[in-house]
Every structure is written in C-alpha cells, then in structure tokens.
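First up is the structure itself, then whatever we jot down about it.
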Amino acid sequence: MSSGKRRQPSLAQLRAFAAVAEHLHFRDAAAAIGMSQPALSGAVSALEETLGVTLLERTTRKVLLSPAGERLAVRAKAVLDEVGALLEEAEAVRAPFTGALRLGVIPTVAPYLLPTVLRLVHERYPQLDLQVHEEQTASLVDGLHSGRLDLLLLAVPLGVPGVTELPLFDEDFVLVTPLDHWLGGREGIPREALRELNLLLLDEGHCLRDQALDICREAGREDAPVTTTAAGLSTLVQLVAGGLGCTLLPRTAQRLETARSSQLLTGYFADPAPSRRIALAMRAGAARGAEYEELAAALREALRALPVRVLDAAVRPAAPPTPSAGPPGASA
C-alpha cells in the first residue's frame with residue numbers, strides 16, 4: 001500500500017496508547033483517560049493494525065512496550081502535545097487576552113516600562129500568560145518573523161516589511177554629566193554642544209547607540225564619538241559618574257539610573273529636544289491583531305504618568321517626534 005493511501009491513526013487511538021505507555025497497566029491507563037478497559041484495549045489493537053507494528057508485549061501479569069512501542073510512544077506524546085497546543089490557541093482566539101503572549105523588549109526599555117506593563121496586565125488581563133524576553137532589536141525582529149515571539153516593545157521606526165507598528169509615545173533624551181561638567185544641570189542646551197563632548201555609548205547592537213550617533217550627526221558631528229562603551233545603561237551612567245565622559249539617556253531611564261550615584265547632573269536640551277519613539281510591533285495581519293491594538297490603547301493611558309508624550313493611535317509610525325510642549329520636568 002502506498003504512503004498516500006495509508007490509513008491514519010485516530011487521536012483516540014494515540015491517546016489510549018500514550019496512556020498505556022505511561023502507566024504500563026490497562027486498568028490504570030483506562031481510568032486515567034476516562035475510557036473503559038475493553039475500549040482502551042480495542043483502541044490500542046486498532047492502532048497496531050493501522051501502523052502495522054506491535055506496540056505492546058502482553059503477558060498475564062504485566063504490560064511491556066515493544067522496541068517499536070518505545071520509539072512510537074515518544075512520537076504519540078508529541079502529537080498529543082501539539083494537538084493540545086492547537087486547542088489552547090483556538091481557545092485564546094475565542095477568548096481574547098487568555099493563553100500565552102510572548103513579548104520581546106529591548107534592554108533600554110525593559111527596566112523602565114515593564115513595571116507599568118506588568119501591572120496593567122495583572123490588573124486588566126489576569127488570564128493572560130505574559131512571557132517576557134529581553135533581547136536586542138535584531139534578535140527580537142527575527143523572533144517575531146519566525147513566530148518565536150508574538151509582540152515587541154521597542155524603538156521605531158524599524159522599516160521592516162511585514163511588521164506593523166503601533167506607536168505608544170515619544171520621549172526626549174537628556175544629557176547626563178559628571179558634577180563638574182560645564183553643561184551639568186543646564187536647561188536649553190543646544191544640540192550643537194554635542195559636537196565637542198566626550199560621549200559614552202552602548203555597545204554595538206543596541207538601537208540606542210545608533211540613535212545617539214544619529215543625533216550627533218544631526219548636530220553636525222562628523223566623527224563617531226566612541227572611546228568607551230558599555231553593555232547596559234547602568235554601567236554607562238557609572239562611567240559618567242567616574243568622570244569618563246557624558247552620555248544620553250531617554251527620559252524614562254533618567255530617574256532610576258541617575259539615582260544610583262550622587263556624582264551626576266542632568267541637563268535638558270532646547271526644544272525640539274532629540275527624542276525617540278517607542279511602539280509595539282506585531283506581524284502584519286496577526287491573528288490577534290485586534291487584541292494587540294487594544295493592549296496598545298490601554299498602555300498609552302497607563303504610560304501617561306511617565307515623562308513621555310503619549311501618541312494618538314492614528315499617528316503614523318514614520319512621523320517625526322513631536323517637540324516637547326513643556327518644561328524639562330513636565331510629562332504629557
């Protein structure tokens with residue numbers, strides 16, 4: 001018989017066999033899956049006939065798996081696990097904000113926004129199993145495309161085909177300096193001041209590094225101000241406190257990171273200050289797209305307490321950041 005015409009085992013047969021393989025006892029296996037013992041035995045026999053192999057060695061005292069049974073028991077369990085996952089996914093579609101949601105977040109956002117995100121999910125979507133993955137942008141986008149991740153929280157625009165961005169807010173950058181720096185604590189700093197600064201940056205791969213370099217180029221700086229780098233913002237700020245230079249911080253990171261040392265001052269740029277845009281990103285046409293848009297709307301409201309400019313849902317992803325509308329300490 002050709003493989004194209006071969007009979008297919010039923011899920012009931014696979015479930016019966018998997019139960020026997022686990023318990024090695026017909027009565028216990030039947031009780032475990034709520035099936036009568038004769039029906040269970042018949043299902044396993046039918047599976048053996050369908051597959052054309054002997055799965056069990058039956059004696060008067062015990063049940064053993066045959067060599068073929070040992071191999072196929074692993075496959076049967078994998079099939080049943082996948083069917084269970086399919087049913088869970090279908091349940092999630094029928095009941096929004098249930099099941100797993102794998103959220104990818106960049107390192108320069110995670111420590112500062114996750115408390116708000118987690119609190120919102122806990123209070124508003126208690127049945128949602130939120131799983132957080134902190135990775136750099138390139139890895140997150142790969143994960144989104146491959147299906148490893150469902151939703152991203154990161155800086156945009158990405159300019160990646162097949163990805164839909166849901167803008168959340170714009171936030172200004174501030175200049176963090178040592179105590180004795182001439183720009184320390186000043187307001188209205190012109191961007192041109194960046195031309196002469198010893199600016200400390202994050203390592204390669206961080207989008208915040210690329211944003212800082214873009215800001216320097218916009219300010220008229222032609223060289224890349226890279227003498228010392230760090231893997232994270234906390235280390236970067238400690239290097240500033242030690243007098244090695246200055247750095248740019250997003251406003252959402254300012255309070256937490258500058259509180260780590262008394263040797264720092266924060267300066268604020270003149271309007272329009274250099275800024276970045278943060279958004280959720282999903283696969284275009286995602287089955288749970290309506291859920292993600294609702295989550296984005298809820299996040300916009302929850303984030304209004306932070307020093308950011310919350311964006312309307314209709315804002316286009318590639319739109320330029322809006323100039324700051326208030327003094328350095330104000331939030332929108």
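Residue indices begin at 1 and follow the sequence shown.
Open room surrounds CZ on Arg71; 12 or fewer heavy atoms of other groups in view lie less than 6.0 Å from it. Within 6.0 Å of CZ in Arg255 there are 12 or fewer heavy atoms belonging to other residues, nucleotides or ligands.
Between the CZ atom of Arg277 and the CD atom of Gln211 there is a distance of 12.0 Å, given to the nearest 0.5 Å.
Two residues are said to be in side-chain contact when any heavy atoms from C-beta on lie closer than 4.5 Å; Glu293 and Leu280 fail this criterion. Between Val117 and Val105 the shortest side-chain heavy-atom distance does not fall below 4.5 Å. Side-chain contact between Ser275 and Glu171: absent, with no pair of heavy atoms (C-beta onward) separated by less than 4.5 Å. Taking the side chain as every heavy atom from C-beta outward, Leu175 and Leu183 approach each other to under 4.5 Å.
Each of Arg309, Arg276, Gln254 was evaluated against Asp172; a single residue qualifies, Arg309, per the side-chain hydrogen bond (donor to acceptor under 3.5 Å, both in side chains) test. Partner Leu152 forms a side chain to side chain contact (heavy atoms under 4.5 Å, CB included) with one of Val109, Leu140, Leu103 and no other, that one being Leu140.
Within the 3.5 Å criterion, the main-chain N or O of Leu244 finds a donor-acceptor partner in the side chain of Asn198. Put simply, the side chain of Arg191 gets close to the backbone of Pro272: a donor and an acceptor are under 3.5 Å apart. A side-chain donor-acceptor contact under 3.5 Å links Ser66 to the backbone of Leu55. A donor-acceptor pair is defined here as one N or O able to donate and one able to accept, closer than 3.5 Å; such a pair exists between the side chain of Ser45 and the backbone of Ser41. No side-chain donor-acceptor contact under 3.5 Å links Arg251 to the backbone of Phe173. Remark: the backbone N or O of Gly143 is paired with a side-chain donor or acceptor of Ser146 at under 3.5 angstrom.
With respect to the salt-bridge test (charged N to carboxylate O, under 4.0 angstrom), the residues Glu294 and Arg124 do not qualify.
For the residue pair Glu257 / Ser234, a side-chain donor-acceptor distance below 3.5 Å is found, with atom types taken as modelled.
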